[in-house]
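This report concerns only the one structure given below.
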Amino acid sequence: MPELPEVEVVKRSLERKISNLIIKNVEIRDGKLRYELNKEDINQIKGKKIIKIQRRSKFLIFEIGKNFFMLVHLGMTGKFFIMDGNERKFKTSFYYNINPQKDKKHDKVIFYLEKKKKLIYNDVRKFGFIKFYNYKKLYKSFHLINLGVEPLDKEFNLSYFKKYINGRDRNIKDILMDQKFISGIGNIYANEVLFASGVRPTRRVVKLSDFEINKIVRSIKKILSKSIRLGGSSIKDFSSDDGKKGVFQQYFKVYGRKGERCSNTDCNNKVMRIVISNRSSFFCNQCQK
DNA sequence: AGGCATGTTACAGG
DNA sequence: ACCTGTAACATGCC
């Protein structure tokens with residue numbers, strides 16, 4: 001589900017709903033995630049309070065009690081459900097159509113909170129993980145230490161961009177998804193950003209003009225922040241307990257649109273799909289140079 | 001049946 | 001030691 005905007009939306013939602021609550025108990029339904037869940041660590045958080053939830057790149061960082069941190073990555077299909085009493089609320093779901101019954105099968109960890117609330121970590125493909133650290137080790141962990149700038153930070157600008165690509169002969173799409181360069185962009189947003197910038201995903205970075213780089217930088221900031229504002233453009237809150245099918249609102253201009261007409265009104269070209277680094281890449285041959 | 005899927009990373013080769 | 005590209009991980013939908 002998650003690229004930066006989605007994770008940010010999840011973070012805000014969690015902050016609102018479960019911060020300042022004490023974790024009464026934790027049930028591990030299936031600890032086999034990307035990394036096996038550490039039971040001793042899990043035991044340590046019982047009786048402690050969720051103090052704060054932060055985001056770095058696509059990672060969520062829960063501060064629990066004093067000097068203890070839970071690092072969560074949602075992988076491809078990780079999501080959190082918050083249950084208030086018996087109601088299963090779909091706060092942040094993105095995996096085909098969510099079916100409450102089928103979905104329960106993939107509940108991995110259940111955090112029992114105060115006020116009869118529950119936080120459920122659910123992950124179909126098990127690429128996500130939950131790890132625990134103290135402060136020092138958290139920020140020294142290999143997950144966080146190699147991350148590049150946050151795309152929405154001022155630090156991410158033309159000169160940072162040029163400095164990084166200097167001497168690298170790679171295509172622009174790879175660079176945008178390179179977490180050591182900027183952290184938070186995945187396949188969907190890389191495609192969308194390049195469409196908005198009028199740059200083909202295959203372009204070598206050494207050949208980009210300052211004008212084009214600026215366009216890319218601005219598109220990144222614009223698209224990511226817009227997406228956060230909209231509640232994560234690739235996800236939609238579900239209220240499916242009444243049996244109604246949730247509706248995905250698609251805002252994508254090129255992603256997944258192979259063969260469809262280009263989104264630019266004055267263009268009759270069809271969107272192409274090619275594979276770059278094992279990932280689908282969509283673009284308009286006419287509008288992207 | 002086979003292809004495809006928002007993620008990271010271990011590994012091999014240069 | 002660095003840099004780059006490939007394959008693998010698990011599961012389900014089309």
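None of these values were measured; they are calculated from a predicted model. In what follows, every heavy atom counts, from backbone to side chain, and hydrogens, waters and symmetry copies are set aside. Chain letters run A, B, ... following the sequence lines, proteins first and then strands; every chain starts at 1.
- Between the NZ atom of Lys58(A) and the C1' atom of dT8(B) there is a distance of 9 Å, given to the nearest Å.
- Across all strands shown, dT6(B) forms no Watson-Crick or G-U wobble pair with both key distances under 3.5 Å.
- A straight line from CZ of Arg125(A) to P of dA8(C) spans 15 Å, rounded to a whole angstrom.
- In the set dA5(B), dG12(C), dT4(C), dA5(B) carries the atom at the smallest distance from any side-chain atom of Tyr255(A).
- Among the heavy atoms of the strands, none lies under 4.0 Å from Phe129(A).
- If you check every strand for non-hydrogen atoms under 4.0 Å, Asp174(A) touches sugar and phosphate atoms only.
- The gap from the P atom of dA7(C) to that of dG3(B) amounts to 14 Å, rounded to the nearest Å.
- Side-chain atoms of Arg279(A) come within donor-acceptor range of the base of dG7(B), with a qualifying N/O pair under 3.5 Å.
- One atom, CG of Leu147(A), and another, C1' of dT9(B), lie 13 Å apart when rounded to the nearest Å.
- Between the side chains of Asn166(A) and Tyr164(A), no donor-acceptor pair is found at a separation under 3.5 Å.
- Annotation: cation-pi pair Lys79(A)/Tyr121(A) absent, no NZ/CZ under 6.0 Å from the ring centroid and within 45° of its normal.
- Taking atom CE of Met76(A) as the reference point, atom P of dT8(B) lies 9 Å away to the nearest angstrom.
- An OP1 or OP2 oxygen of dT6(C) is reached within less than 4.0 angstrom by no side-chain nitrogen or oxygen of Asn278(A).
- A cation-pi contact, defined as under 6.0 Å to the ring centre and within 45° of the axis, is absent between Lys137(A) and Tyr133(A).
- Considering Glu150(A), Glu15(A), Glu3(A) as possible partners of Arg55(A), the one that fulfils the salt bridge (charged side-chain N to carboxylate O under 4.0 Å, His left out) test is Glu150(A).
- Contact annotation: Arg168(A) side-chain N/O to dT4(C) OP1/OP2 distance is under 4.0 Å.
- Residues His73(A) and Phe127(A) keep their aromatic ring centres 6.0 Å or farther apart.
- Taking the ring centroids of Phe195(A) and Phe283(A), they lie at or beyond the 6.0 Å cut-off.
- Nucleotide dT4(C) holds its C1' atom 10 Å from the CG atom of Asp178(A), rounded to whole Å.
- Taking atom CD1 of residue Ile172(A) and atom C1' of nucleotide dT4(C), one finds them 16 Å apart after rounding to whole Å.
- For Lys108(A) and Gly167(A), each mapped to the nucleotide of DNA chain C holding its nearest heavy atom, the one lying further toward the 5' end belongs to Gly167(A).
- In this structure, Asn122(A) places its CG atom 18 Å from P of dG7(B), rounding to the nearest Å.
- The residue Arg34(A) sits close to a base: some heavy atom pair falls under 4.0 Å.
- Of the side-chain N and O atoms in His106(A), none sit less than 4.0 angstrom from OP1 or OP2 of dT11(C).
- A sub-4.0 Å separation between OP1 or OP2 of dT11(C) and a side-chain N or O of Lys126(A) is present.
- Across dC4(B) and dT6(C), the matching P atoms stand 16 Å from one another, rounded to whole Å.
- Pair assignment for dA10(C): none, as no Watson-Crick or G-U wobble contacts are both less than 3.5 Å.
- When rounded to the nearest whole Å, the span between CE of Met177(A) and C1' of dT6(C) equals 14 Å.
- Evaluation of Phe127(A) against the base of dT8(B) yields no stacking contact (centre distance < 5.5 Å, interplanar angle < 30° required).
- For the P atoms, the distance from dT8(B) to dG12(C) is 22 Å, rounded to whole Å.
- Residue-level contact check: Phe59(A) touches neither bases nor backbone, having no heavy atom under 4.0 Å from any strand.
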